[in-house]
Amino acid sequence: MYEYNYENLKRITQTENGKKLIDEVEKAYSLLYKNKPITVTNYSLQKQIYTTGNRELWQDIYFERRKRLCYLQLLAIANDEYLDDLENVLAVILEEYTWVLPAHNILKDKTFDYTIIDLFSAETGFYLSETLFVFGDKLSPDIRLRIKTELKNRIIDNYENREQLWYGIRNNWAAVCAGGVGLTYMYAFPERFEMVKDRLFNTMECYLSGTREDGVTPEGVGYWVYGFGFFICFFDIYNQLYGDYPEILKQPKIINTLKYIEDAHMGGDCYLPFSDGGYMKTYVHTSISYAAKRLFGDKYTLPEYKIDLDFVMQPETVGKSRWLRVLYGIDKFGLGSKRKQEIKTIYYDESQVYIRKNKNYTFAAKCGHNLEMHNHNDVGSFQIVVGDKSTIVDAGPAEYTWQYFNDVDYRYSEKAFGAGSMGHSVPIVNDKYQTEGIRFCGKVLEQTDFNFKIDIAKAYEGVEQLIVDYQMKDNGVKVEYDCTGIEDCITFRFLSFNQPKVNDDGSINVGVKVKSCSGLKPNITKINFNGHISVAKSVGSVEIYAIDYKISNKKDVKEQFEFIVND
C-alpha cells in the first residue's frame with residue numbers, strides 16, 4: 001500500500017503535528033515567495049562555469065525553483081488555493097532548456113552535453129513524477145501531459161537508449177541517479193519498470209560497494225545524506241508499490257550504514273567533518289530517517305526533531321523534495337527523541353577514523369591517506385565538540401567551482417583553503433603543507449578508550465617521524481607531538497569557528513581552553529574563504545581562526561597541548 005497518497009497526507013495535515021508543519025511551511029513560503037515572481041536565469045550566468053569557474057549563480061536560480069516546488073507540494077495538499085502556484089512552478093521547470101547542471105556536462109571545447117542524466121536531472125525526474133503520482137487529476141490535464149512528455153524525453157528514453165557515466169560508479173552519483181530514474185519509472189511509467197529493474201538494482205549494488213563494510217561513507221557525512229538518502233527513498237517506494245523486500249536491504253552493511261550516521265553525530269549540528277561532506281544539519285536527513293524507520297523498524301532509532309521555522313527553512317531539507325515523507329513520518333512515528341550521549345569509543349579500522357564520546361565532550365580524529373573520495377589533505381585532523389557546539393574544527397569544503405574539481409593545485413591551495421591541510425587542525429612542517437596522493441598517509445600505532453596514537457610523517461614530503469598521541473581525559477584532550485627530522489620549523493595549527501579569547505595565563509578560549517604545556521605563545525589569524533553550502537549554510541564567506549604555535553631552528557621537537565573543558 002502506497003502510504004504517501006494524497007488522501008492520507010491530506011488527513012495528516014489536519015492532525016496536531018501536521019498542522020504545525022503546514023503552519024511553519026506556510027510561514028516560510030510567505031517569507032520567501034508570497035507574491036514574488038518565479039526566478040529566471042540567463043545564458044550569461046550559465047556560461048560562467050567555464051569563464052570564471054563559478055557555478056553557484058546559475059545554480060541558485062535552478063535550485064530556488066525546486067525549493068519552491070517542495071514547499072508547494074505540502075501547501076497544495078493542505079489547501080487547494082495553492083494548486084495554481086504549484087502548477088506555475090511546475091510549468092517553469094518543464095520549460096527549462098536543460099535539467100542538467102552546467103558543472104556536470106561541460107565538454108573540452110566549452111560546449112555542453114544537455115542530454116545526459118546527471119544528479120539533478122534525475123532528481124528533477126523524481127520531483128515531477130512524484131508530484132504527478134500524488135496529485136493525479138488535481139493537476140490540470142495539460143500539466144499532467146507535459147510532465148509525462150518531458151519525463152519520457154529527458155529521463156526514460158535517455159536511460160534506455162544510451163550509456164550513462166554513473167552505471168558502474170561507486171559513489172553517491174550511482175544512488176542518486178539510479179534512485180531518481182527508478183522513481184520516475186515507478187511513479188510515471190510503471191509498465192516499463194520491470195525491463196530496467198535489474199539494471200537499476202545493479203547500480204545500487206555498485207553504490208553500496210563504495211560504502212565500507214563497517215558502514216563508513218568515505219565521501220563524508222553530507223554525501224551519506226545524499227547518496228544513502230536516495231537509496232533509502234528508492235527502496236521505500238519500491239517496497240510500497242511492489243510489496244517486495246529485496247535481498248539488497250538484508251545486507252549487514254545496510255544496518256552498519258544506518259548506525260554510522262548516529263556514530264558520526266558529535267552533538268547539536270556537528271558531525272564528523274572529514275572529506276567534502278562535513279557540518280551537515282540534523283534536519284537534512286529527517287525524511288531519510290522516516291523512510292528508514294518504515295523499512296527497518298526497531299533496527300533504526302529516530303533522532304529528535306522540532307517543527308519550527310528554522311526546521312523548514314533548512315535549504316538542504318527543502319531542496320531534496322522529500323517533504324512528503326516528513327509529513328507522513330511525524331504522524332506515523334512522531335518527532336523522535338533526543339539521543340543520550342553514551343560514553344563509548346568507536347574505531348573504524350579501514351577508514352582509520354577514531355571517535356571518543358565522553359560525558360563532557362566528543363572527540364574525533366582520522367589517520368588514513370590523502371586520496372579518498374572527495375579528498376581533503378587531512379591526515380591527523382581532529383575535532384572537539386563540547387555539548388552541542390564545535391570548538392576545534394577543520395574548515396570544511398570550499399565553494400564548489402570548476403577549479404575546485406579540475407585543478408589540483410587550486411583545490412589544495414590557500415585560495416580554496418578548505419581541502420588543503422592548511423584548512424585542518426594539523427601541523428605545518430617547514431612551512432609546507434601535506435601532499436595529495438595515496439602514498440601520503442598515516443599509520444595507526446595505538447587506539448584505546450584512552451588514546452589514539454598515529455604517525456603522520458608520510459603525509460608530508462621529507463619528514464622522518466611525526467607521532468601524534470591524542471589522549472582522552474575526563475576534562476578534555478591532551479595532545480603530544482614527537483617530531484624528528486624537522487629541517488627548519490614546525491607550526492602546530494588549531495582551527496576554530498569561534499573567535500579566540502586570550503586568557504590572563506596566555507591560554508586561548510574557543511569553547512575549550514587551549515594551552516601550550518611549554519608556554520608557547522600563539523599567533524592568531526582570522527581567515528575568510530568561500531565555503532560550500534554545508535559549511536557556509538549558503539555559499540559565501542566563512543570566517544575561521546587559525547591558532548598557530550611555531551617552533552623554529554630545532555630538528556627534533558616534542559610538544560604538548562591541552563584542550564580543557566569546563567576549566
Side-chain angles (χ1 to χ4, degrees), residues 354 356 358 360-361 363-365 367 378-384 386 391-394 421-434 442-443 445-446 448 450-460 462-496 498-527 544-567:
Y354 174 93
R356 176 63 185 177
N358 274 355
N360 297 317
Y361 66 91
F363 170 88
C367 192
D378 60 354
V379 174
S381 182
F382 72 101
Q383 174 166 286
I384 301 173
V386 177
T391 61
I392 301 300
V393 300
D394 77 32
S421 69
M422 77 290 294
H424 300 80
S425 295
V426 297
I428 302 165
V429 184
N430 302 319
D431 291 328
K432 294 180 181 178
Y433 305 117
Q434 293 183 10
K443 181 180 181 181
L445 306 176
E446 186 178 4
T448 71
F450 307 105
N451 76 314
F452 183 53
K453 189 174 184 179
I454 57 180
D455 188 348
I456 63 173
K458 287 186 177 179
Y460 303 82
V463 179
E464 293 177 15
Q465 175 182 282
L466 209 175
I467 293 175
V468 190
D469 191 1
Y470 300 104
Q471 301 171 14
M472 306 304 115
K473 309 293 183 181
D474 288 342
N475 69 333
V477 181
K478 186 175 184 179
V479 184
E480 293 185 355
Y481 295 94
D482 186 352
C483 321
T484 59
I486 306 300
E487 294 177 0
D488 180 31
C489 61
I490 185 168
T491 300
F492 301 102
R493 166 164 287 189
F494 312 112
L495 295 172
S496 183
N498 305 322
Q499 184 171 356
K501 177 185 176 183
V502 181
N503 300 316
D504 292 340
D505 63 358
S507 63
I508 304 295
N509 197 323
V510 288
V512 289
K513 184 160 89 170
V514 184
K515 179 182 176 183
S516 162
C517 295
S518 68
L520 289 175
K521 302 300 180 187
N523 179 56
I524 298 171
T525 308
K526 182 171 74 172
I527 298 167
I544 198 167
Y545 296 88
I547 306 165
D548 292 336
Y549 297 85
K550 188 170 186 176
I551 297 175
S552 300
N553 303 316
K554 287 185 71 175
K555 184 175 181 180
D556 300 333
V557 174
K558 291 187 178 182
E559 191 58 51
Q560 299 178 4
F561 296 88
E562 292 182 332
F563 300 84
I564 303 168
V565 178
N566 295 331
D567 183 65

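Counting from 1, the numbers follow the sequence of the chain as shown. What you see is a predicted model; the values in this text were computed from it and never measured.
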State whether the side chain of [X] and the backbone N or O of [Y] hold a donor-acceptor pair below 3.5 Å, judged by distance alone.
X: N430; Y: D488; value: yes
X: Y361; Y: G476; value: yes
X: S425; Y: V393; value: yes

Whether F452 and Y470 hold their rings parallel, tilted or perpendicular, with breakpoints at 30° and 60°: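 Correct class here is parallel.
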Atom CD of Q465: over 12 foreign heavy atoms under 6.0 Å: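 For Q465, atom CD is crowded (more than 12 foreign heavy atoms under 6.0 Å).
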Centroid-centroid under 6.0 Å between Y549 and Y481 rings: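 That pair fails the under 6.0 Å test.
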Quick check for you: to the nearest 0.5 Å, what is the distance between [X] atom [atom1] and [Y] atom [atom2]?
X: L520; Y: T491; atom1: CG; atom2: OG1; result: 10.5 Å
X: C483; Y: I456; atom1: SG; atom2: CD1; result: 8.0 Å
X: I547; Y: S516; atom1: CD1; atom2: OG; result: 12.5 Å
X: K555; Y: I490; atom1: NZ; atom2: CD1; result: 14.5 Å
X: L495; Y: Y545; atom1: CG; atom2: OH; result: 12.5 Å
X: F494; Y: T391; atom1: CZ; atom2: OG1; result: 11.5 Å

Test log, rule side-chain contact (heavy atoms from CB on, under 4.5 Å), inputs V479 and V468: CA-CA 7 Å; V479 184; V468 190; 3.7 Å; yes
Can you find a heavy atom in the side chain of [X] that is under 4.5 Å from one in the side chain of [Y]?
X: I551; Y: I486; value: no
X: E446; Y: N451; value: yes
X: F363; Y: I392; value: no
X: Y433; Y: V426; value: no
X: K443; Y: K458; value: no

Test log, rule side-chain contact (heavy atoms from CB on, under 4.5 Å), inputs Y460 and V379: CA-CA 10 Å; Y460 303 82; V379 174; over 6 Å; no
Heavy-atom closest pair, residues S421 and Q434: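 For S421 versus Q434, the nearest heavy atoms are OG-N, 2.9 Å.
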Closest approach of K521 to G506 (non-hydrogen atoms, all atoms of both residues):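 Taking every non-hydrogen atom into account, NZ-CA, 4.1 Å.
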Partner of K513 under side chain to side chain contact (heavy atoms under 4.5 Å, CB included), chosen from V565, I508, N503: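 Looking at V565, I508, N503, the match for K513 under the side chain to side chain contact (heavy atoms under 4.5 Å, CB included) is N503.
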D394 bridged to R493 by N-O distance under 4.0 Å: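 Salt bridge flag = no for R493 with D394.
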Test side-chain contact (heavy atoms from CB on, under 4.5 Å) applied to C489 and D431, step by step: CA-CA 7 Å; C489 61; D431 291 328; 3.5 Å; yes
Stepwise side-chain contact (heavy atoms from CB on, under 4.5 Å) check, N475 with N360: CA-CA 7 Å; N475 69 333; N360 297 317; 6.0 Å; no
